[in-house]
Amino acid sequence: MVEWEGPLSEAYERALTYLENLPERRVGPRATSKELHEALGGPLPTGPTDPREVVEHLAKGVDDGLLPSGSGRFFGFVFGGATPASLAADWLTTVWDQNAGLYAASPAAAVVEDVTARWLVELFGLPSTTSVGFVTGAQMANFTGLAAARHEVLRRAGWDVERDGLIGAPPIRVLAGAERHDTIDRALRFLGLGTNSIVPIAVDEQGRMRADALAEALDADPGRTTGAGGNAIDRPTIVCAQAGNVNTGAFDPIAEICEIAHAHRAWVHVDGAFGLWAAVSPGLRQLVDGIDRADSWATDAHKWLNVPYDSGIVLCAHPEPHRAAMSIRAAYLIQDEDGERDSLDYNPEFSRRARGTPVYAAIRALGRDGIAEIVDRCHAMARRFADRLKTNDVQVLNDVVLNQVLVRFGDDATTRRVITDVQNEGTCWMSGTTWQGKAAMRISVSNWTTDEADIDRSAAAVLRCLQQVRG
Ligand SMILES: *Cc1c(COP(=O)(O)O)cnc(C)c1O
């Protein structure tokens, strides 16, 4: 008999301790890299160790090196925590250890993802035929959405990119806001389009793409080019819009962008890694006005839905290009002919974890209202944070339309110093950025547990650090 009880109960006890201590735990790592190497390193084990001891050793060894990003006072990057239902479902996803690539390999995982896909489409208010892939994050969601776009704009130009690749293909141009996320550029590198395919479009002071600049770029160069058959064709064009800028939280004017882009037969992809969730809130939905008119969308479950890593979602209004870009046929696979979901039709992975399962549990536990409540509360807490700081001679650089606050303390040196001191002080944790050439502290309120007390305690800590820096 295999002994499961020892390692699993050790893991369970340690998990509970970690989670229950999170609200009061210092929000920052405590160990240096050297200390972590000492605790975890050593020679390659030559023989076996008892599994329970392995779990204990590992948990003790990593503890001081953990960045407690699930804390309600963690405001770094755009990280989320984990809700109880999604975390528990994530454990079981590991226990069941299904290969979710094919319906035949796990009917349960396929049906859970099918149901979850329909829920997501309804939550975001997208066309009912939208196809969905459960990927590792918005990076791969951007990659997958843009792969579908690449397929479709080249197909219209008479070119089969899946068969013939890109050598000799009509060139694709990608119009994207100057404040796009770096994962767009990286996705275009992976797709063989290269970053030189990007035509950067001017943005306003919040980082929003200017619709007039997009129209101007498309009108100035309507983009006739030579197709595969030597005839004149529309230049294959993709427009990348953004719902939620990683620094300011600002939204590109999606409705206008869709109208302009579609008039030029361009495909519109929306990077909505966290911002797409605004669509679930009746009060904030106007930020994504026109979102249902785009052609593909990327978002994350591990950010604002507070599902454990790693969990991203790609959605595509056109299932055919989505499948054409991703699908794979092999003689030894059992692929479903009866319309059941084979996720390798929608995902860049082959074998894969049943990533949709924790997303299912998160949505089932929260419901539409619970998700809207997280979005609304994070928005309210971001505004509260901005208000607490603003009254004390601190500049808030952005309009707090969502969950992001950009703060500056006079000059670059003071701002950077305050960020480092806050990280060392341990009440809360936030990271820095450079916004329009100026150093800034980024505050991202993305955790489902963050409340007024967390904000007030954190704002007080930031102001204490500022006072000390200013002497
Ligand atoms: C976080 C983020 C990404 C990348 O998402 P991952 O989940 O880290 O892959 C892309 N775009 C935007 C706007 C983001 O905020």
Side-chain angles (χ1 to χ4, degrees), residues 67 69 74-82 86 120 124 132-147 149 174 176-191 195 198 201 203 206-209 239-252 254 257 268-279 287-288 291 294 296-315 347-349 352-353 355-356 358-359 362 375 378-379 382 398 401-406 430-433 435 442-447:
L67 180 63
S69 52
F74 184 89
F75 306 103
F77 313 104
V78 186
F79 285 3
S86 66
L120 287 163
F124 296 136
V132 179
F134 294 89
V135 292
T136 49
Q139 168 74 76
M140 289 314 286
N142 281 329
F143 168 84
T144 307
L146 289 168
V174 182
E179 284 292 340
R180 65 190 175 276
H181 195 270
D182 296 309
T183 53
I184 295 291
D185 299 49
R186 193 158 175 243
L188 294 171
R189 280 163 44 197
F190 294 167
L191 287 163
T195 48
I198 299 172
I201 304 299
V203 294
Q206 298 292 320
R208 291 176 292 230
M209 188 198 292
V239 173
C240 269
Q242 181 169 252
N245 175 281
V246 78
N247 284 313
T248 62
F251 289 72
D252 289 354
I254 313 266
I257 289 171
V268 180
H269 173 77
V270 179
D271 177 1
F274 57 99
L276 194 57
W277 295 93
L287 291 169
V288 296
I291 196 79
S296 57
W297 306 265
T299 193
D300 270 317
H302 59 216
K303 287 181 178 169
W304 230 352
L305 188 60
N306 282 257
V307 164
Y309 288 103
D310 40 23
S311 187
I313 300 154
V314 60
L315 306 107
N347 277 71
E349 296 86 7
R352 58 180 283 276
R353 176 180 180 78
R355 282 205 170 71
V359 182
V375 170
C378 288
H379 172 55
N398 66 319
V401 294
L402 200 64
N403 62 333
Q404 304 291 121
V405 190
L406 275 185
M430 35 278 257
S431 43
T433 190
W435 178 248
R442 298 175 68 257
I443 299 170
S444 176
V445 188
S446 310
N447 189 284

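Start at 1 and go down the list; that is how both ligands and their atoms are numbered.
- At least one heavy atom of Gly244 sits less than 4.0 Å from an atom of ligand 1.
- Residue contact annotation: Val246 has a non-hydrogen atom under 4.0 Å from ligand 1.
- In plain terms, the two heavy atoms of Ala187 and Leu146 that are nearest each other are CB-CD1, 4.0 Å.
- Of all atoms in ligand 1, listed by their number and element, those nearer than 4.0 Å to a heavy atom of Ala273 are 2 (C), 3 (C), 10 (C), 11 (N), 12 (C), 13 (C), 14 (C), 15 (O).
- Leu402 has its side chain within reach of Trp304: a pair of non-hydrogen atoms, C-beta onward, lies under 4.5 Å apart.
- Of the protein's non-hydrogen atoms, Ala138 CB, 3.1 Å is the one closest to atom 5 (O) of ligand 1.
- Against a heavy-atom cut-off of under 4.0 Å, Gly137 is close to the following atoms of ligand 1: 7 (O), 9 (O).
- Contacts between Phe274 and ligand 1 below 4.0 angstrom, taking non-hydrogen atoms only, involve the side chain exclusively.
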Residue pair Asn247, Arg442: steps toward the side-chain hydrogen bond (donor to acceptor under 3.5 Å, both in side chains) verdict: CA-CA 7 Å; Asn247 284 313; Arg442 298 175 68 257; 3.1 Å; yes

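- Of the inter-residue distances, the one linking Asn447 atom CG with Phe79 atom CZ reads 12.0 Å to the nearest 0.5 angstrom.
- Close contacts between ligand 1 and Asp300 involve ligand atoms 5 (O), 6 (P), 7 (O) [criterion: under 4.0 Å to a heavy atom].
- The atoms of ligand 1 that sit less than 4.0 Å from any heavy atom of Lys303 are 1 (C), 2 (C), 3 (C), 4 (C), 5 (O), 14 (C), 15 (O).
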Audit row: Thr195, Asp185, side-chain hydrogen bond (donor to acceptor under 3.5 Å, both in side chains) steps and yes/no: CA-CA 6 Å; Thr195 48; Asp185 299 49; 5.8 Å; no

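- Within the listing of ligand 1, atoms 4 (C), 5 (O), 6 (P), 9 (O) sit less than 4.0 angstrom from a heavy atom of Gln139.
- Across every non-hydrogen atom of Ala241 and Ile257, the tightest pair is CB-CD1, 4.1 Å.
- Checking Ile291, Ile313, Val268, Val314 one by one against Trp297, the side-chain contact (heavy atoms from CB on, under 4.5 Å) holds for a single residue, Ile291.
- When only non-hydrogen protein atoms are considered, atom 11 (N) of ligand 1 lies nearest to Asp271 OD2, 2.7 Å.
- Residue contacts with ligand 1 include His302, since one or more of its heavy atoms lies under 4.0 Å from the ligand.
- Within the 4.0 Å heavy-atom criterion, neither part of Val78 lies near ligand 1.
- Side chains of Asp252 and Arg208 form a contact here, defined as non-hydrogen atoms less than 4.5 Å apart.
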List the steps, then state whether side-chain hydrogen bond (donor to acceptor under 3.5 Å, both in side chains) holds for Ser444 with Gln404. CA-CA 5 Å; Ser444 176; Gln404 304 291 121; 2.7 Å; yes

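- The part of His181 lying near ligand 1 is the side chain, judged by heavy-atom distances below 4.0 Å.
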